[in-house]
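Data block below; observations after.
Values reported hereafter were calculated over all heavy atoms of this structure, with side chains retained and with hydrogens, waters and symmetry mates removed.
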Amino acid sequence: MFNFLDRGIVQLLIGPLKADMQLSDQQIGLLMGIAFALFYAVLGLPIARLVDSKSRRLIIGFGIATWSVATVLCGLAKTFPQLFVARMGVGVGEACNGPATYSMMSDYFPPHRLPRAIAVLQLGYVSGQGLALILGSAVVLYFSQQPEYVLPLLGTLKPWQMTFVVVGAPGLLIALLLATVKEPPRGGRISSRPAKRAIPVKDVIRFLRANGATYGAMFLGLAVNIIQSF
């Protein structure tokens, strides 16, 4: 839920952002699109590579903390470049979530239970996205009806800035909860190399080619799904 809340809260703040920061439609498009999506997609590959051999629990915790801090920094931004960089930080943090989460789930559940587990996870994503918009709207409405806030060291914050801060800060508590999560033993590797060593890229490419019909259909379906969401 916090993943989608921090990712999508900017959609609910377009009006105040354009008015207070004098942003154009193009700049809004950059904030909602390339600032997040480009780094989310590109960094997903090296992060997934780390997931193959490093602590997935710590990677998820780091990602949650990163996107939460970046969301708070969105609220402290005074200029478009500052806001753009902060949105990049949200993308970087959330790129940690997917690879590590699915990797851990595949080791938590036996093969015959994994599809159901993934279905529950997807239900959480979808319901979380809707709930995030509802909660986010309530936060935006509340702060839009309040005067500007003066905080120690941070100075005067407008209602839209306070929205970013309030939405992002609780994520740090969720990041701490990852300390209670156990790292499951790794299984199902496509290489005989030790679990603590990263799988060579050529082995990954060879595996994808050998299973091209399966992964090709999955990639195409996911791409079409993303296109229609815009």
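- Asp6 contributes atom CG, which lies 9.5 Å from atom CE of Met1 (distance to the nearest 0.5 angstrom).
- Scanning for side chain to side chain contact (heavy atoms under 4.5 Å, CB included) contacts around Val42 gives Leu38, with sequence neighbours left out.
- For Phe4, the ring pair (Phe, Tyr, Trp, His ring centres under 6.0 Å) test picks out Tyr125, with sequence neighbours left out.
- Atom CD of Gln26 has 12 or fewer neighbouring heavy atoms from other residues, nucleotides or ligands inside a 6.0 Å radius.
- Between the side chain of Arg7 and the backbone N or O of Phe2, no donor-acceptor pair lies under 3.5 Å.
- Residue Leu17 comes nearest to Leu23 through the heavy atom pair O-CG, 3.8 Å, listed as atom of the first residue, atom of the second, then distance.
- Note on residues 150-181: no pairs pass ring-ring contact (aromatic ring centres under 6.0 Å, His included), not counting sequence neighbours.
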TODO: Show the numbers, then the answer: is there a side chain to side chain contact (heavy atoms under 4.5 Å, CB included) between Arg186 and Arg56?
DONE: CA-CA 10 Å; Arg186 294 180 184 272; Arg56 295 164 289 184; 3.7 Å; yes
Open item on the list: Assess the residue pair Phe80 and Leu30 against the criterion (side chain to side chain contact (heavy atoms under 4.5 Å, CB included)); give the C-alpha distance rounded to whole Å, side-chain angles, the decisive distance to 0.1 Å, and a yes or no.
Closed with: CA-CA 10 Å; Phe80 172 75; Leu30 291 174; 4.1 Å; yes
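- When hydrophobic clusters are built by joining Ile, Leu, Val, Met, Phe, Trp and Tyr residues whose side-chain heavy atoms come closer than 4.5 Å, directly or via intermediates, Ile34 is grouped together with Leu43.
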Tabulate below the donor-acceptor pairs under 3.5 Å that side-chain atoms of residues 205-213 make, not counting sequence neighbours, or state none.
residue : atom : partner : partner atom : Å
Arg206  : NH1  : Asp203  : OD1          : 2.8
Asn211  : ND2  : Phe207  : O            : 2.9

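- Counting only residues at least two apart or on different chains, the ring-ring contact (aromatic ring centres under 6.0 Å, His included) pairs with a member in residues 40-67 are Phe36-Tyr40.
- Pairs passing the salt bridge (Lys or Arg N to Asp or Glu O under 4.0 Å) check and including a residue from residues 20-46, sequence neighbours excluded, read Lys18-Asp25.
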